There are 2 protein chains.
Amino acid sequence: MPALAHHAPAAELADRLTRAEAACAQRGARLTDIRRTVLELILQAGEPIGAYALLDRLKDKSGQGKPPTVYRALDFLLAQGLIHRVERLNAFVGCHEEADHPHPVQFLICGECGNVAEFEDQAIGTAVATIASRSGFVVKRSIVEVEGVCAECATLAAG
Amino acid sequence: MPALAHHAPAAELADRLTRAEAACAQRGARLTDIRRTVLELILQAGEPIGAYALLDRLKDKSGQGKPPTVYRALDFLLAQGLIHRVERLNAFVGCHEEADHPHPVQFLICGECGNVAEFEDQAIGTAVATIASRSGFVVKRSIVEVEGVCAECATLAAG
DNA sequence: CGGGCGGGCGTTACGTTATAGCGTATCTGT
DNA sequence: ACAGATACGCTATAACGTAACGCCCGCCCG
Ligand SMILES: [Zn+2]
Ligand SMILES: [Zn+2]
Ligand SMILES: [Zn+2]
Ligand SMILES: [Zn+2]
């Protein structure tokens with residue numbers, strides 16, 4: 001498997017961090033050093049990263065940290081909608097959207113290269129809402145994670 | 001939370017086990033004692049049950065078992081399409097469908113009573129297929145798990 | 001200004017979920 | 001009977017996640 005991490009250019013990383021800071025400031029949430037560092041590590045990874053991998057990198061950077069350190073930061077970032085949790089992988093990715101608010105999320109997960117693409121399809125959201133309302137179910141959160149092989153990896157395998 | 005388990009009547013349980021046996025026999029898969037017992041325990045639970053809870057019950061029943069015992073049985077049952085894994089809960093449920101073959105699956109998960117309803121909505125499947133083909137993604141498995149509050153619990157809360 | 005309050009964090013300890021790896025037994029087909 | 005495949009027992013360990021307690025610091029109010 002290629003396993004290439006789509007490292008964003010440094011400029012984009014800085015931009016996303018700046019926007020995250022602005023979003024937090026706007027709603028009175030405190031993006032502390034630890035939280036900011038964890039977000040930065042997730043964005044740098046460019047692919048889903050687990051809590052303990054984050055912890056390792058956090059310790060490399062700042063010499064400190066225990067599991068609760070990183071889980072607390074993750075909880076904050078999730079609540080702010082700055083990252084998402086990929087249930088299938090027990091891992092986390094930066095939110096790819098411009099919007100600075102929580103939103104329903106759907107993923108395409110490539111089993112070959114490990115790449116995860118975030119998308120938001122209105123038809124899926126509508127279909128979920130329909131099936132739920134039909135049975136009186138009140139939706140709090142919907143998880144849509146599609147496993148398979150991305151176009152790039154499929155081409156490599158076929159060629 | 002009510003936490004009532006929807007224990008199926010014994011007759012239905014026996015029926016489902018019989019059909020599982022038939023399905024396995026038909027395709028040359030061996031539903032051994034352990035596998036059959038694990039399936040039975042899952043069906044008896046009537047709600048999602050974790051691997052270690054299964055292991056406890058398995059030990060109660062037969063006096064033996066370690067984690068790999070139950071995980072191997074689960075792998076088999078998943079491959080046969082007799083059970084499903086609920087990613088959000090790290091737990092397993094019996095397949096509710098009559099069909100004896102693997103199929104895409106969607107869940108409504110009630111956060112109040114813990115009940116999980118399996119359904120299969122064509123519109124969701126179509127929407128997923130559309131979004132995937134649009135980007136050349138080859139779908140292997142699609143996970144759709146909707147968290148919220150079931151009609152029953154919503155009524156209780158409102159009343 | 002000082003005291004109370006709440007959020008953020010350090011730390012210990014533990015709970016839960018899942019797999020690797022290896023040896024033995026059992027089954028299947030020839 | 002024999003060879004190969006499948007199933008299982010077992011030890012150990014990896015990987016993921018949380019409870020609970022106490023300290024510190026900034027903020028607010030009297
Ligand atoms: Zn997002
Ligand atoms: Zn790929
Ligand atoms: Zn099913
Ligand atoms: Zn309910």
Side-chain angles (χ1 to χ4, degrees), chain A residues 20-21 24-25 27-39 41-42 45 47-80 82-93 111 114 143 145 147, chain B residues 20-21 24-39 41-42 45 47-59 61-80 82-93 114 143 145:
Chain A
E21 270 169 8
C24 288
R27 63 194 101 148
R30 293 165 56 191
L31 187 62
T32 63
D33 281 354
I34 291 177
R35 291 164 176 177
R36 190 195 147 97
T37 303
V38 170
L39 175 57
L41 290 171
I42 291 171
E47 60 184 356
I49 182 170
Y52 280 71
L54 281 169
L55 179 56
D56 287 343
R57 299 188 189 186
L58 186 61
K59 283 194 276 202
D60 285 349
K61 260 204 166 182
S62 66
Q64 64 181 336
K66 305 277 175 181
T69 311
V70 71
Y71 278 103
R72 287 194 283 232
L74 290 169
D75 285 345
F76 172 86
L77 297 170
L78 286 168
Q80 296 301 316
L82 297 171
I83 64 173
H84 299 296
R85 176 182 168 87
V86 185
E87 299 292 338
R88 182 61 182 87
L89 305 176
N90 294 334
F92 303 85
V93 294
I143 299 165
E145 301 182 3
E147 293 181 81
Chain B
E21 270 169 9
C24 288
Q26 189 173 9
R27 64 194 102 150
R30 293 163 54 190
L31 187 62
T32 63
D33 282 354
I34 291 177
R35 290 164 176 177
R36 190 193 147 97
T37 302
V38 170
L39 175 57
L41 290 170
I42 292 171
E47 60 184 357
I49 182 170
Y52 280 74
L54 282 169
L55 179 55
D56 288 342
R57 299 187 190 187
L58 186 60
K59 284 194 275 201
K61 261 205 167 183
S62 66
Q64 64 180 335
K66 305 280 174 179
T69 310
V70 71
Y71 277 103
R72 287 194 283 231
L74 290 169
D75 285 346
F76 172 86
L77 297 170
L78 286 168
Q80 296 300 318
L82 297 171
I83 64 172
H84 300 296
R85 176 182 168 86
V86 185
E87 298 292 337
R88 183 61 182 85
L89 305 176
N90 294 333
F92 303 85
V93 293
I143 298 166
E145 300 182 3

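Excluded from the calculations below are hydrogen atoms, water molecules and symmetry mates; all remaining heavy atoms, backbone and side chain alike, are included. Small disclaimer: the values here were computed from a predicted structure and weren't measured.
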Novice: Nearest whole Å is fine: how far is D:dC16 C1' from B:Leu89 CG?
Specialist: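 From B:Leu89 CG to D:dC16 C1': 16 Å.
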Novice: Looking at every strand, decide which applies to A:Arg72 at a 4.0 Å heavy-atom threshold: base, sugar-phosphate, or nothing.
Specialist: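 Result for A:Arg72 = base.
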Novice: Would you say the side chain of A:Tyr52 and the base of D:dG17 hold a donor-acceptor pair, judged only by whether the two atoms sit under 3.5 Å apart?
Specialist: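 Yes, a donor-acceptor pair under 3.5 Å.
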Novice: Compare the minimum distances between each of D:dT18, D:dA7, C:dA18 and the side chain of B:Phe92, then state the nucleotide with the smallest one.
Specialist: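 The listed nucleotide nearest to B:Phe92's side chain is C:dA18.
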Novice: Starting at CD1 of B:Ile42, measure out to CZ of B:Arg57 and round the result to the nearest 0.5 Å.
Specialist: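 Separation between the atoms: 10.5 Å.
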Novice: Between A:Lys66 (NZ) and D:dG22 (P), how many Å, whole number?
Specialist: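 Rounding to the nearest Å, NZ of A:Lys66 and P of D:dG22 are 19 Å apart.
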Novice: Nearest heavy-atom pair of B:Ile34 and B:Ala73: which atoms, and what distance?
Specialist: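 Of all heavy-atom pairs spanning B:Ile34 and B:Ala73, the closest is CG2-CB, 4.2 Å.
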Novice: Starting at atom CG of B:Leu55, determine the distance to atom P of D:dC10, rounded to an integer number of angstrom.
Specialist: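 After rounding, the reported distance stands at 12 Å.
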Novice: May I have the distance from B:Asn90 (atom CG) to D:dC16 (atom P), rounded to whole angstrom?
Specialist: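 Rounded to whole Å, this separation is 11 Å.
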Novice: Please give, in whole Å, the distance from C:dC9 C1' to A:Arg30 CZ?
Specialist: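 Answer to the nearest Å: 10 Å.
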Novice: For D:dC16 and A:Arg85 - does any side-chain N or O of the residue sit under 4.0 Å from the phosphate oxygens OP1/OP2?
Specialist: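 No, outside the criterion.
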Novice: A:Leu74 CG to D:dG17 P: how many Å, rounded?
Specialist: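 Between P of D:dG17 and CG of A:Leu74: 9 Å.
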Novice: With no angle test and no hydrogens, is the base of C:dA20 tied to the side chain of B:Tyr71 by a donor-acceptor pair under 3.5 Å?
Specialist: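 No.
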Novice: What nucleotide among D:dT18, D:dC10, C:dG8 has an atom nearest to a side-chain atom of B:Pro68?
Specialist: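 Ranking D:dT18, D:dC10, C:dG8 by closest atom to the B:Pro68 side chain puts D:dC10 first.
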Novice: Side chain of A:Ala51 only, heavy atoms from C-beta on: which candidate in C:dA18, D:dG17, C:dT12 is closest?
Specialist: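 The closest nucleotide is D:dG17.
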Novice: Tell me the interatomic distance from B:Asp33, atom CG, to D:dG9, atom P, rounded to whole angstroms.
Specialist: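 Those two atoms, CG and P, are 10 Å apart.
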Novice: Counting side-chain heavy atoms from C-beta on, which of C:dA18, C:dC27, C:dG10 comes nearest to A:Gln64?
Specialist: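 Out of C:dA18, C:dC27, C:dG10, the nucleotide with an atom closest to A:Gln64's side chain is C:dG10.
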Novice: Using the side-chain heavy atoms of A:Thr69, tell me which of these nucleotides is nearest: D:dC16, C:dG10, D:dA7.
Specialist: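 Within the option list, the nearest is C:dG10.
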Novice: Start at the 5' end of DNA chain D and walk down; is the nucleotide closest to B:Gly65 or to A:Ala53 reached first?
Specialist: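 Result of the comparison: B:Gly65.
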Novice: Looking at every heavy atom in both A:Arg30 and A:Arg35, which two are closest together, and how far apart are they?
Specialist: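 Scanning both residues, the minimum pair turns out to be O-NH1, 2.7 Å.
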Novice: Give a yes or no on whether A:Asp33 atom CG has more than 12 heavy-atom contacts from other residues, nucleotides or ligands under 6.0 Å away.
Specialist: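 Incorrect, the count does not exceed 12.
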Novice: More 5' along DNA chain D: B:Arg35 or B:Pro67, using each one's nearest nucleotide?
Specialist: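 Final value for this comparison: B:Arg35.
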Novice: Please enumerate all residues that pass salt bridge (Lys or Arg N to Asp or Glu O under 4.0 Å) together with B:Lys61, with sequence neighbours excluded.
Specialist: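 Salt bridge (Lys or Arg N to Asp or Glu O under 4.0 Å) list for B:Lys61, sorted by chain: B:Glu40.
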Novice: Could you tell me how far apart A:Asp56 (CG) and D:dA14 (C1') are, to the nearest whole angstrom?
Specialist: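 So the two atoms are 13 Å apart, to the nearest Å.
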